[in-house]
Amino acid sequence: MDSYEPQTIETKWQAVWERERAFEVSNPEPGAPRNPRKFYMLEMLPYPSGELHMGHVLNYTIGDVVTHFRRRHGFTVLRPMGFDSFGLPTENAAIKEGGHPREITERNIANAGRQMRRLGWAIDWAREVSAHEVEYYRWTQWLFLKFYEAGLAYRKASPVNWCPNDQTVLANEHVVDGRCWRCGAVVEARNMEQWFFKITAYADALLNDLETIDWPARTKTIQRNWIGRSEGAEILFRVEELDLDIPVFTTRADTLFGATFFVVAPESPLVDRLVDGTERADEVRSYARIAAARSTEERETREKTGVFTGRYATNPVNGEQIPIWVADYVLMDYGTGAIMAVPAHDERDYEFAQRYSLPVRTVVAPRDGEVPIEGAFSEHTDDEVLVNSAQFTGKPAPDAKQAIVEWLSEQGKGKPAINFRLRDWSFSRQRYWGCPIPILYCDTCGVIPVPEDQLPVVLPDVENFRPKGEPPLASNQEWLWTECPRCGGRARREADTMDTFVDSSWYFLRYTDPHNDHAPFDREIVDYWGPVDQYIGGIDHAKGHLLYSRFFVKVLNELDLLGFREPFQRLFHQGWVKQGGAKMSKSRGNVTGPDVLVEAFGADAVRLYILFLGPADQDMEWNEEGAEGMVRFVRRLWRVALEAAERPAVEQVPPTDLARKAHETIARVTDDIGRRFVFNTPIAAVMELVNELSRAPEDPAARFAAETAVSLIQPYAPHVAEELWSCLGHGRLWEQPWPEADESLLQRDTIELVLQVNGKVRDRIQVPAGLPEEELIARAKASERVQAHLNGQEPRAFVVPDKLVNLVV
RNA sequence: GCCGGGGUGGCGGAACUGGUCAGACGCGCCCGGCUUAAAACCGGGUGCCCCUCGCGGGCAUGGGGGUUCGACUCCCUCCCCCGGCACCA
């Protein structure tokens with residue numbers, strides 16, 4: 001008997017799969033009917049950072065199990081792979097170590113591909129795409145143009161995080177405690193022209209359509225909170241001297257009579273208008289400038305500050321003149337950038353009023369006449385009524401909310417309104433390694449999109465990737481200046497590149513038709529495969545990638561480029577693989593790569609082990625100790641299967657205990673993977689079967705048990721399973737139908753009945769299955785051990801048929 | 001502060017809709033076999049406590065309380081750990 005040599009059989013079968021293109025699927029012929037057995041399996045694409053880590057191994061092994069499981073259930077499974085290959089880390093590596101980002105990227109992709117093949121994942125490699133390839137990003141640019149034409153991509157000045165040392169804009173997540181994550185310089189707030197996608201236009205659709213997709217509740221909650229829809233009203237406050245109506249958004253119109261002052265955000269253009277020409281102008285402007293320049297980080301932590309403008313606004317409900325302040329606790333980018341302040345019923349307004357000695361007036365109080373405590377804020381206004389509120393006094397708060405808005409609405413001073421916290425997506429980056437934005441600036445014609453037939457705008461080479469006050473692309477003068485397609489004059493190219501999240505917002509669509517060179521994808525083909533049936537990836541993308549992709553698909557749907565409205569029908573988040581309590585990542589330097597493990601244990605054992613470590617959706621601590629145990633299991637399977645292969649095959653599998661165990665295992669594994677979507681317990685189930693088989697090698701059902709174990713473990717350990725399957729005299733296990741449990745064998749003739757007295761187990765007896773309750777009770781009472789605890793009393797009985805009888809005295 | 005996830009043996013974890021003395025499966029550890037020896041492999045044991053050592057009794061799923069014939073599972077309350085969000089009017 002040959003011993004188990006993982007390297008040999010893994011190389012062997014990987015070569016077979018590659019030669020036979022075992023996991024490639026073809027696209028439908030034009031006009032082909034929809035395939036109800038299609039299954040689009042996708043895991044989030046990796047960033048090619050050099051080496052895969054165990055988090056990747058977990059992610060793609062789960063996907064691989066699902067892929068095999070579905071394939072063997074008769075589904076046509078599309079399971080592609082690609083690389084999110086633009087982005088800052090590679091650019092930084094190029095700056096630090098020299099070399100071109102493209103070279104580094106392609107080297108890393110080659111290495112990741114090698115590692116993926118070595119793990120034996122069932123990937124359709126014919127569809128591989130990478131974001132940095134011209135054939136890919138020309139279509140990213142094409143899609144940008146479609147968004148631009150539809151008015152969904154636009155340019156505007158906006159405050160950004162600016163690192164004065166690195167001379168670049170930083171994303172919020174790269175600002176740590178107000179400093180640049182890379183160089184530690186204090187980040188400044190700057191106002192710069194940026195490109196935005198109008199994702200806010202889809203806020204309602206993004207919110208409502210969450211109902212239509214099968215996603216984890218917590219992910220939906222994150223998106224709901226991020227979109228942040230709130231219903232309220234827009235109310236006009238008039239500044240009589242300036243003939244100016246300032247709108248404010250509020251969710252508490254019921255507290256309008258309690259507004260004692262008014263606040264405008266420091267960045268608001270209103271500041272200038274309010275103080276222009278007044279004696280306070282200098283003071284207010286200088287406060288506003290300093291406050292606006294402070295980072296968000298700083299503004300959140302420091303105490304609220306503000307300054308009085310000298311102006312007053314009229315409260316529309318009572319004509320009262322209330323002072324207008326400029327204060328840093330009001331945000332420009334939420335609502336209208338101005339608020340009515342009701343210190344009695346809003347904690348922030350209260351804090352501010354305390355600090356600047358502004359009046360506090362209670363207008364909502366508990367129904368029972370109890371006096372509200374100043375400075376205590378209750379969200380439960382349902383039982384409260386209005387006080388000090390003219391004709392609305394005495395009205396329940398929720399009714400008053402509506403009544404006041406209606407009343408103001410009649411006078412043209414207010415209306416119901418809905419506000420979102422979601423902001424438009426800023427996607428321009430002042431970096432080199434990204435997709436160029438196909439836009440030109442012409443002195444005479446203005447902003448001109450690059451005509452479709454001039455795509456792609458190829459990413460040019462530059463001398464230095466490090467930004468020097470302007471984006472790196474601007475340093476290549478030859479590239480930068482071109483001809484205006486409209487007037488033929490000189491035009492300057494947009495030198496910013498796109499955020500990599502743009503690339504990853506549509507990659508799953510490109511996979512369906514990856515070699516199309518006249519469109520990003522064919523409508524019929526994308527509709528055949530799409531949407532993704534099962535998506536797997538980290539929850540860290542909940543409000544980034546997972547929201548952006550939904551937005552993209554909705555827009556593309558409305559542009560008639562595809563026929564569905566959601567990209568990912570079902571979503572699963574794998575947990576983090578941690579090391580030393582921290583998430584594995586290259587920047588932390590705590591990465592364990594698969595190479596050494598595959599070398600030591602074989603790909604099959606590594607795949608089994610990462611899934612056996614714990615529930616796939618929970619974080620797990622990486623620990624190499626137990627990996628040896630998986631090798632032990634595979635060796636044991638190897639031994640017992642080869643032993644069973646020596647035994648003659650039988651027509652009819654005899655219904656022995658072992659055969660029954662095999663069928664039970666089929667049922668468990670199928671239910672666990674198919675319905676429960678859990679991946680650790682099926683391995684334990686097959687281990688039990690193998691253990692039982694090794695204890696009964698002479699059992700007439702031994703061969704059947706071995707075949708069952710091999711067949712069930714195939715999605716996890718495809719190489720050894722394939723090898724053993726052929727030793728058992730069969731071929732191509734990866735194409736075999738998934739085994740089915742024989743229901744009749746699952747029924748036991750006799751069952752073990754548990755007998756409890758007062759909820760404590762006192763005996764267990766063998767009884768025929770399917771006995772009526774009275775009979776079970778009678779048998780329970782007949783038990784000597786039970787009688788010993790009954791003390792001759794007549795018990796009440798609770799029966800779980802075929803399982804348990806509980807006698808209570 | 002708010003929201004979410006979690007707390008089960010020395011360790012990772014099982015127990016799926018409350019129902020077979022909770023602890024499957026694996027790691028580790030202990031004992032034994034094989035061996036000159038070790039590794040590998042094979043067999044057995046392994047929650048805690050008490051004991052008249054019996055296929056005996058009791059206690060155990062972060063703490064406390066409750067519902068139920070019966071609770072790891074449901075409810076209340078408290079403690080701890082891990083994430084995410086955080087002046088959103």
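- When the ring-ring contact (aromatic ring centres under 6.0 Å, His included) test is applied to A:Phe262, the partners found at least two apart in sequence or on another chain are A:Phe237.
- Aromatic ring centroids of A:Trp425 and A:Phe501 lie 6.0 Å or more apart.
- Atom NZ of A:Lys220 is separated from atom C1' of B:C3 by 17 Å (rounded to the nearest Å).
- Ranking B:G26, B:A40, B:C88 by closeness to the A:Arg635 side chain, first place goes to B:A40.
- Residue contacts for A:Asn419: at a heavy-atom cut-off of 4.0 Å it reaches no nucleic acid atom on any strand shown.
- Pairs of Watson-Crick or G-U wobble type, with distances under 3.5 Å, assemble into runs of 3 or more in RNA chain B at these ranges: B:1-7 with B:79-85, B:10-12 with B:25-27, B:28-33 with B:41-46, B:47-50 with B:56-59, B:62-66 with B:74-78.
- What separates CD of A:Glu351 from P of B:C87 is a distance of 12 Å, to the nearest Å.
- For A:Glu347 and B:A89, the CD to P distance is 13 Å, given to the nearest whole Å.
- Between A:Lys304 atom NZ and B:A89 atom P the separation is 14 Å, expressed in whole Å.
- Distance from the side chain of A:Lys543 is smallest to B:G84 among B:C69, B:G84, B:G26.
- Dashed line: the shortest gap from a side-chain N or O of A:Arg668 to OP1 or OP2 of B:A24 is not under 4.0 Å.
- For the P atoms, the distance from B:G13 to B:G45 is 26 Å, rounded to whole Å.
- Formation of a donor-acceptor pair under 3.5 Å by the A:Gln223 side chain with backbone atoms of A:Ala542 is found in this model.
- Sequence neighbours left out, the pairs with a member in residues 215-231 of chain A that pass salt bridge (charged side-chain N to carboxylate O under 4.0 Å, His left out) are A:Asp204-A:Arg229, A:Glu211-A:Arg224, A:Arg229-A:Glu231.
- Distances were taken from every side-chain heavy atom of A:Arg636 (C-beta onward) to each of B:C42, B:G26, B:C88; the shortest belongs to B:C42.
- Rounding to the nearest 0.5 Å gives a distance of 13.5 Å between CD1 of A:Ile235 and CD1 of A:Ile339.
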Could you go through nucleotides 16-18 of chain B and list every protein N or O atom that sits under 3.5 Å from one of its N or O atoms, giving the distance for each pair?
from: B:C16; atom 1: O2; to: A:Arg675; atom 2: NH2; distance (Å): 2.7

For nucleotides 4-13 of chain B, list the nitrogen or oxygen atoms of the protein found under 3.5 Å from its nitrogen or oxygen atoms, one pair per line.
from: B:G12; atom 1: O2'; to: A:Leu613; atom 2: O; distance (Å): 2.4

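- Here B:A22 presents its C1' atom at 15 Å from CG of A:Leu804, a figure rounded to the nearest Å.
- Atom OG1 of A:Thr255 and atom CG of A:Asp346 lie 8.0 Å apart (nearest 0.5 Å).
- Within 4.0 Å of A:Arg423, counting heavy atoms only, lies at least one base atom of the nucleic acid.
- For A:Thr681, counting side-chain heavy atoms from C-beta on, the closest listed nucleotide (B:A89, B:A40, B:A14) is B:A14.
- Under a cut-off of 6.0 angstrom, the local environment of CD in A:Gln7 is crowded, with over 12 non-hydrogen atoms contributed by other residues, nucleotides or ligands.
- Side-chain nitrogen and oxygen atoms of A:Arg421 include none within less than 4.0 Å of the OP1 or OP2 phosphate oxygen of B:A89.
- Note on ring orientation: taking the six-membered ring where Trp is involved, the planes of A:Phe572 and A:Phe679 are perpendicular (angle over 60°, cut-offs 30° and 60°).
- Between A:Trp325 and A:Phe261, the angle of the ring planes goes over 60°, which puts this pair in the perpendicular group of the 30/60° scheme.
- For A:Tyr609 and A:Phe601, the ring centers are positioned 6.0 Å apart or more.
- Using atom P as the reference point in both B:A22 and B:G58, the two lie 12 Å apart (nearest Å).
- When the C1' atom is compared between B:G10 and B:U46, the two are found 11 Å apart, to the nearest whole Å.
- Base orientation of B:G9: syn (glycosidic angle within 90° of 0).
- In this structure, A:Phe798 counts as stacked on the base of B:C69 under the 5.5 Å centre distance and 30° plane angle limits.
- With both ends at atom P, the span from B:C11 to B:A24 equals 15 Å, rounded to whole Å.
- Across all strands shown, A:Val754 has heavy atoms under 4.0 Å from base atoms, whether or not it also approaches the sugar-phosphate.
- B:U52 and B:A15 are spaced 40 Å apart, taking the P atom of each and rounding to whole Å.
- Here, B:C48 and B:G33 have their C1' atoms 31 Å apart, quoted to the whole Å.
- To the nearest angstrom, P of B:G1 lies 18 Å from CZ of A:Arg348.
- From A:Leu642, atom CG reaches atom CG of A:Leu637 across 9.0 Å, with rounding to the nearest 0.5 Å.
- For the pair A:Gln756 CD and B:U20 P, the computed distance is 8 Å after rounding to whole Å.
- Among the protein residues, A:Asn225 comes within range of no part of the nucleic acid, since none of its heavy atoms lies under 4.0 Å from any strand.
- Nucleotide B:G83 holds its C1' atom 16 Å from the CH2 atom of A:Trp226, rounded to whole Å.
- Partners of A:Tyr716 according to the ring-ring contact (aromatic ring centres under 6.0 Å, His included) rule, which considers only residues two or more places apart in sequence or in another chain, do not exist here.
- Here the separation of B:A86 from B:U67, taken at their C1' atoms, is 38 Å to the nearest Å.
- Residue whose closest nucleotide on RNA chain B sits further toward the 5' end, between A:Gly337 and A:Ile683: A:Ile683.
- Between A:Glu775 and A:Arg779 a salt bridge is recorded (basic side-chain N to carboxylate O distance below 4.0 Å).
- Side-chain proximity of A:Arg639 to the nucleotides B:C42, B:A89, B:C85 is greatest for B:C42.
- Considering only side-chain atoms of A:Glu688, the nucleotide from B:C27, B:C69, B:C25 that sits closest is B:C25.
- A:Gly335 comes within 4.0 angstrom of no nucleic acid atom, judged by non-hydrogen atoms across all strands.
- To the nearest whole angstrom, the two P atoms, one in B:C59 and one in B:U8, are 22 Å apart.
- Between the side chains of A:Asn691 and A:Arg636, at least one donor N or O lies within less than 3.5 Å of an accepting N or O.
- The side chain to side chain contact (heavy atoms under 4.5 Å, CB included) test with A:Leu611 singles out one residue from A:Thr681, A:Val678, A:Asn680, A:Leu58, and that residue is A:Leu58.
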